[in-house]
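Working notes for the structure below.
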Amino acid sequence: NLTEKITDIFRNLGNKGKITEDNISDALRQVRIALLEADVNFKVVKEFINKVKEKAIGESVLKSLTPDQQFIKIVHDELVEILGSTDNTLHLTVQPSIILMVGLQGSGKTTTCAKLANLQKKKNFKPLLVACDIYRPAAIDQLKFLGDQLNVPVCIRRKETDVVAIAKEALIEANKLGCNLLIVDTAGRLHIDEKMMDEVARLKDFLKPQEILFVADAMTGQDAVRVADEFNKKLEITGIVLTKLDGDARGGAAISIKSVTGKPIKFVGISEKIDGLEPFYPDRLATRILG
Amino acid sequence: LTGKKNIDEDFLEALEEILISADVGVNIALDIIEKMRKDVKVSTTASLEEIVKLIKKELTEIIKDFSNPVLNIENKKPAIIMVCGVNGVGKTTSIGKLTTYFKNSGKSVMLAACDTFRAAAIEQLDIWAKRAGTECIKHQHGADSGAVAFDAITAAVSRNIDILIIDTAGRLHTKTNLMDELKKIKKVINQQLPDAPDEVLLVVDATTGQNAINQIQEFNKYLGLTGIILTKMDGTAKGGLVFAMLKDLKVPIKFIGVGEKLDDLRVFDINTFIDALFD
Ligand SMILES: Nc1nc2c(ncn2[C@@H]2O[C@H](COP(=O)(O)OP(=O)(O)OP(=O)(O)O)[C@@H](O)[C@H]2O)c(=O)[nH]1
Ligand SMILES: Nc1nc2c(ncn2[C@@H]2O[C@H](COP(=O)(O)OP(=O)(O)OP(=O)(O)O)[C@@H](O)[C@H]2O)c(=O)[nH]1
Ligand SMILES: [Mg+2]
Ligand SMILES: [Mg+2]
């Protein structure tokens, strides 16, 4: 693993402790490979390595008694800084508050909608799930099943072909039922599908949601940067949910997504179950990414 | 002369980045670019096109023995295809597409809804079955997947069906109990019909990074894979994982998913794939 490689590199520099820009380059190269293998985007890795190089060549590593540990600490801390602080607060300051879920196909939006409903219900919100995926076969049934499981109402309009119309109905329904939180599920869509990106932009314009959460699969590769950038440019997302972290994907996509959007990672999905949603802890993910 | 060496180095760095950004993986990318550095032709040619051509040749070398898109479905009736993969990659949708693909070549197809776990998974497959004009064998939500598979094979045999495709629940390869369950389903199939399943296809999402390698390794270990379907190639991900998949794991890519509709399935073609990497 990376820590062992770094330790070896610094050990081979001998006991003179004379660390120079050239010696650091070997260690930096190992970090670069580790981050690329962890699926961090190559442009993000470039910037990251430059930052680490600056810090490592500085006084602390050159004079340190344990330069390998010091170097790893600089790398780890730099990752943690990019990943940001634990900010899983949802800014649900209006009544009713609205959360709009968006993302690529299969990333975990529908499941996360239900998980969020479960979470917020425990915080004494009265959620209404809104079925705005009118395309995927049985998407509405899927959300309905999850809502029923939670005893949370689901706004469904099977015959409706315009998601904004469904959203309109949902606001009326929320009022009727006394729900103070709308969680809106949308169809998975490609960031390059203009028509579908326009649809979710229209939904945003109508609903003016307090939170727009970009749901991303933790195992996403180099493409994560481009996808997140497009969604953010189009919608100005307010937060990120990283799903399927219960697998063994290193999760470097998180670094890519965070650095290109600047938006906080609010939650992580850690199982298929309804309670499988946790707040995001940057140092845990940093350790995982470094392998 | 030194000026030209610098141009080549910039070319090579740019090409290394193209490969890495396509998810080819840092090891394969570095190997190929290192080969280019040592290649006499590269140091004597100035054109980027020539270097790209050489790289394409290297990439083709890696995967040329694995592009037989033929499925092992001609010699048995019913031929059994088991579809598996991690969560959300496109298994159920791909089964709809495969149904259409087979029906277009004159085969009769039947589906088995062996994802009895996820919310509305059975309903989802059933809709694809209706759209593709075929029948779906299903039990109630929560039923035993092995029992559904058993019933489906019985029905496929009695109705003289050419191909039975079995949908399974998405599962992360790290969950040993779920991987054991999948192995048990395969065993049920095999006990009922010798030599079955005839194909065990792993569905992999093209947007996946290096974790795809782990997925293939584990599913291969538990089930023995006969092929891969690489989905969501209509996005901007290039699917460069294919090279590591074929080079190290040797599981052939059979199909590519290029959209969400019934006809959005293509037989995997090496040259088209490699050309697309550099678009
Ligand atoms: N293991 C695991 N599975 C998850 C997690 N989140 C979602 N899933 C699974 O991932 C698959 C896809 O989830 P969905 O909620 O249907 O994804 P989606 O984004 O709504 O999909 P589309 O609507 O088709 O775009 C399902 O099998 C879920 O059970 C997670 O955190 N961990
Ligand atoms: N753009 C695009 N979307 C696809 C493709 N294949 C599948 N999808 C979409 O990906 C999402 C997930 O597809 P499913 O077929 O439900 O995936 P799955 O593997 O069966 O999911 P689980 O059963 O929950 O594990 C759906 O929104 C599909 O429409 C493809 O080739 N391109
Ligand atoms: Mg969904
Ligand atoms: Mg499925």
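Residue numbers start from 1 in every chain, and the chains themselves are labelled A, B, ... in the order their sequence lines are given, proteins ahead of strands.
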Most chain B-contacting option - heavy-atom pairs closer than 4.5 Å, from A:Val225, A:Leu143, A:Asp246, A:Ile33: A:Asp246

Between B:Val89, B:Ile122, B:Thr207, which has the largest tally of heavy atom pairs under 4.5 Å with chain A? B:Thr207

Trace of the side-chain contact (heavy atoms from CB on, under 4.5 Å) decision for A:Glu272 with B:Leu172: CA-CA 10 Å; A:Glu272 282 188 81; B:Leu172 294 179; over 6 Å; no

Do you know which of B:Gly170, B:Ala119, B:Gly96, B:Gly240 has the most heavy-atom pairs with chain A at a distance under 4.5 angstrom? B:Ala119

Salt bridge (Lys or Arg N to Asp or Glu O under 4.0 Å) partners for B:Lys184, two or more places apart: B:Asp144

Decide if atom NZ of B:Lys56 counts as having more than 12 heavy atoms of other residues, nucleotides or ligands within a radius under 6.0 Å. yes

I need the minimum non-hydrogen distance between A:Glu37 and B:Gln210, along with the two atoms involved. O-CG, 3.4 Å

Top residue by heavy-atom pair count (under 4.5 Å) with chain B, among A:Leu190, A:Asn41, A:Leu146? A:Leu190

Non-hydrogen atoms of A:Met219 and B:Asn87 that approach each other most closely: CE-O, 4.5 Å

Search all heavy atoms of B:Asn211 against all heavy atoms of A:Asp39 and return the closest pair with its distance. N-OD2, 4.2 Å

Mind checking what makes salt bridge (Lys or Arg N to Asp or Glu O under 4.0 Å) contact with B:Asp234, not counting sequence neighbours? none

So do A:Phe145 and B:His141 actually touch side chain to side chain, heavy atoms under 4.5 Å? yes

Kindly indicate whether the side chain of A:Gln142, heavy atoms from C-beta on, has any atom under 4.5 Å from the side chain of B:Glu123. no

Can you name the closest pair of heavy atoms from A:Gln222 and B:Ile20 and give their distance? CG-O, 3.1 Å

If we only count heavy atoms from C-beta on, is the B:Asp205 to A:Gln105 side-chain gap below 4.5 Å? no

Any residues in residues 213-222 of chain B near chain A, with a heavy-atom distance under 4.5 Å, and which are they? B:Asn214, B:Gln215

Residues in salt bridge (Lys or Arg N to Asp or Glu O under 4.0 Å) contact with A:Lys244, at least two apart in sequence or another chain: A:Asp217

Which bit of A:Lys43 is near chain B, if near means a heavy-atom gap under 4.5 Å: side chain, backbone, both or neither? neither

Would you check if B:Gln124 and A:Asp141 make a side-chain contact, meaning some heavy-atom pair closer than 4.5 Å? no

Heaviest contributor of heavy-atom pairs below 4.5 Å to chain B, chosen from A:Arg250, A:Arg32, A:Lys144, is A:Arg32

Please find the pair of heavy atoms, one from B:Ile127 and one from A:Pro137, that lie closest to each other, and give the distance. CG2-CB, 3.8 Å

In terms of heavy-atom pairs under 4.5 Å, which option from B:Ala120, B:Ala29, B:Ala22, B:Ala206 contacts chain A the most? B:Ala120

Taking all non-hydrogen atoms of both residues into account, name the closest pair between A:Tyr135 and B:Arg131 and its distance. O-NH2, 4.4 Å

Under 4.5 Å from any heavy atom of chain A, what part of B:Lys238 do you find: side chain, backbone, both or neither? neither

Any chance NZ of A:Lys51 has more than 12 other-residue heavy atoms, nucleotides or ligands included, within less than 6.0 Å? no

